[in-house]
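Side-chain atoms are counted along with the backbone in the values below, which use heavy atoms only and exclude waters and symmetry mates. Please read these numbers as outputs of a predicted model, since none were measured by experiment. Order of the sequence lines sets the chain letters (A, B, ...), proteins ahead of strands, with each chain counted from 1.
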Protein chains: 2
Amino acid sequence: MSNSRPIGVFDSGIGGLTVVRALTHHLPHENIVYFGDTARVPYGPKSSQVVREYAAQDTDVLLEHDVKMIVIACNTVSAVALDVVQKRAKVPVVGVIQPGAEAAARATTKKRVGIIGTIGTINSYAYVNTLRQIDPGIQAFSQACPLFVPLAEEGWTDHKATELIAKEYLFPLTLEKIDTLILGCTHYPLLTTIIGKVLHQSVTLIDSGEATAVTVKRLLDEKNMRNASKLKPNLQFNVSDVPHRFTEVGERFLGQKLGRVHRVAGFAA
Amino acid sequence: MSNSRPIGVFDSGIGGLTVVRALTHHLPHENIVYFGDTARVPYGPKSSQVVREYAAQDTDVLLEHDVKMIVIACNTVSAVALDVVQKRAKVPVVGVIQPGAEAAARATTKKRVGIIGTIGTINSYAYVNTLRQIDPGIQAFSQACPLFVPLAEEGWTDHKATELIAKEYLFPLTLEKIDTLILGCTHYPLLTTIIGKVLHQSVTLIDSGEATAVTVKRLLDEKNMRNASKLKPNLQFNVSDVPHRFTEVGERFLGQKLGRVHRVAGFAA
């Protein structure tokens with residue numbers, strides 16, 4: 001059974017575009033509807049209560065597009081509001097935490113896994129708890145890296161200042177002799193080079209967005225929900241605000257042209 | 001005529017607490033009601049349209065407290081939505097742009113003024129236009145510094161990485177041989193030491209929040225609206241979200257204990 005309905009993807013802003021990039025790589029014929037809540041970004045520092053309310057509203061935006069699946073392309077939402085989205089949607093919901101944790105559990109040889117993310121994601125212990133469920137023998141070490149998001153958005157991905165900041169954030173994790181590091185924020189794949197340099201390449205980096213795309217592909221196959229069409233798919237980008245430099249920054253995250261971006265009304269009211 | 005009604009102060013988040021600090025210094029007996037829109041912070045990168053809608057809602061929160069004056073303790077809002085607030089409020093409204101520009105015009109000897117701020121503030125040309133109105137002979141040079149806000153919130157005010165970032169942002173302004181620099185964002189006073197160091201102390205730094213407090217004092221005197229009571233005033237802090245580390249970061253900005261913070265409902269809906 002073919003299913004040409006779009007996959008719905010949402011994020012607090014533009015970070016989720018790295019997940020869309022991974023999805024288009026693994027599923028080149030799927031239609032995708034994206035929603036970024038750019039009027040209220042970032043979610044990372046905000047309370048769980050507010051993130052849960054925002055997640056419910058973001059879900060509703062996607063449901064209006066008759067999506068066949070919802071991908072929460074935001075670690076903070078996946079960490080604190082997965083149940084909110086699952087309860088609201090009648091379609092399968094995939095967050096980035098479980099796929100990222102599974103990929104890390106497979107990759108680690110010494111069972112010592114580091115996790116970096118926003119303050120919201122780290123404080124939720126979502127990755128730590130999920131890793132423990134997968135393998136109670138894994139030791140997990142967390143570090144919030146709040147400056148990584150603005151550095152990635154500024155495009156300072158190869159700057160001496162970014163390297164200094166990365167060294168400071170990651171130093172405690174190197175002391176713990178991790179062999180695997182979960183990039184628990186969709187912005188962080190842009191900083192892979194500098195993170196790898198600081199960690200001396202001895203650590204396997206896990207991109208949760210990439211792992212999520214693989215999970216989405218498997219789920220669609222299991223449920224016979226793949227789009228059979230081999231035509232160029234439709235990618236539609238919606239945002240609650242079109243902020244300054246949106247296109248420039250967004251295309252760096254997506255890795256291709258964004259095309260026309262729709263502004264969804266009602267998020268400032 | 002005495003007037004014990006509070007002064008209303010609002011900001012996109014916690015940055016405006018540096019303005020409250022200046023107000024309590026210059027007006028130690030005035031009651032103050034503060035509102036920080038922490039559920040939607042930051043405004044700096046967002047479009048003017050969204051900032052204007054948010055500013056109207058923030059104004060309404062203060063008006064419910066029967067304030068006698070509104071201080072827009074946010075450069076981005078002052079730059080793009082002063083008219084929105086003025087139209088909505090029946091009380092005097094003071095933004096931070098005009099007082100900051102006036103203080104800079106008085107301070108400059110070579111009539112070469114630099115301005116740093118968020119992307120929203122810089123793109124609005126509000127400081128440039130105001131400086132020109134005050135003195136057409138002044139040459140103004142602008143630089144957006146998006147990383148300064150997260151660095152100030154992280155408390156990295158004396159970090160080598162912050163110094164590198166400040167050097168990169170401020171280098172073009174040093175080439176223009178400015179003698180005065182407007183700190184056009186309420187977060188930046190926390191970075192005064194590092195900015196001064198990078199500029200080699202030859203440049204006068206203008207804190208718009210400080211200049212605004214002086215203007216508020218003058219206006220209250222002109223209008224006979226000062227509070228005659230010499231008792232300890234009531235400072236009430238309201239936010240739309242109580243984000244992670246709010247108290248820790250907020251008290252660093254305010255320079256004193258915050259006390260009880262009220263969450264205003266309805267900003268996540």
Side-chain angles (χ1 to χ4, degrees), chain A residues 13-14 37-57 76 118-124 144-156 159-169 239-246 249 263 265-269, chain B residues 13-14 37-57 76 118-124 144-156 159-169 239-246 249 263 265-269:
Chain A
I14 55 168
D37 189 9
T38 43
R40 304 186 297 200
V41 73
Y43 289 1
K46 285 164 192 155
S47 70
S48 302
Q49 185 185 356
V50 156
V51 171
R52 289 170 68 84
E53 292 174 40
Y54 288 177
Q57 295 161 12
T76 307
T118 66
I119 295 175
T121 300
I122 296 305
N123 281 11
S124 76
C145 305
L147 290 168
F148 277 0
V149 166
L151 286 165
E153 294 201 354
E154 271 285 84
W156 288 36
H159 195 283
K160 182 71 189 163
T162 309
E163 192 178 328
L164 279 178
I165 292 167
K167 270 186 185 157
E168 183 141 337
Y169 282 147
V239 290
S240 50
D241 183 27
V242 183
H244 299 285
R245 300 195 308 156
F246 174 78
V249 181
R263 188 187 162 205
F267 277 79
Chain B
I14 55 167
D37 189 9
T38 42
R40 304 187 299 199
V41 71
Y43 290 0
K46 285 163 192 158
S47 71
S48 303
Q49 185 185 353
V50 156
V51 172
R52 290 170 67 83
E53 292 174 42
Y54 288 177
Q57 295 161 10
T76 306
T118 66
I119 295 175
T121 299
I122 296 305
N123 281 11
S124 74
C145 305
L147 290 170
F148 277 1
V149 166
L151 286 166
E153 294 200 354
E154 271 284 84
W156 289 36
H159 195 284
K160 183 72 189 164
T162 309
E163 191 177 329
L164 279 178
I165 292 167
K167 270 186 185 159
E168 183 141 336
Y169 281 147
V239 290
S240 50
D241 182 27
V242 184
H244 298 285
R245 300 196 307 154
F246 174 79
V249 182
R263 189 186 162 207
F267 276 77

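Between Lys46(B) and Thr38(A), the shortest heavy-atom contact is CE-O, 3.3 Å. Annotation for Pro243(B) and Pro45(A): closest pair CB-O, 3.1 Å, computed over non-hydrogen atoms.
The choice from His159(A), Glu153(A), Lys167(A), Arg245(A) that makes the most heavy-atom pairs within less than 4.5 Å of chain B is His159(A).
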Exercise. For Asp241(B) and Ser47(A), run side-chain contact (heavy atoms from CB on, under 4.5 Å): C-alpha distance rounded to whole Å, both residues' side-chain angles, the deciding distance at 0.1 Å, then the answer.
Key: CA-CA 7 Å; Asp241(B) 182 27; Ser47(A) 70; 2.4 Å; yes
Quiz item: Could you walk me through whether Arg263(B) and Val50(A) pass the side-chain contact (heavy atoms from CB on, under 4.5 Å) check?
Solution: CA-CA 11 Å; Arg263(B) 189 186 162 207; Val50(A) 156; 3.4 Å; yes
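For the pair Ile165(B) and Thr162(A), the minimum side-chain heavy-atom distance is 4.5 Å or more. Side-chain contact between Phe267(B) and Arg40(A) is absent, with no heavy-atom pair separated by less than 4.5 Å.
Looking at Val41(B), both its backbone and its side chain come within 4.5 Å of chain A, counting heavy atoms on both sides. Heavy atoms closer than 4.5 Å to chain A are found in the side chain of Glu168(B), but not in its backbone. For a residue to count as touching a neighbouring chain, one of its non-hydrogen atoms must lie under 4.5 Å from one of that chain's; by this rule Arg52(B) does not touch chain A.
In this structure, OG in Ser48(B) is found 5.0 Å from NE2 in His244(A), a value given to the nearest 0.5 Å.
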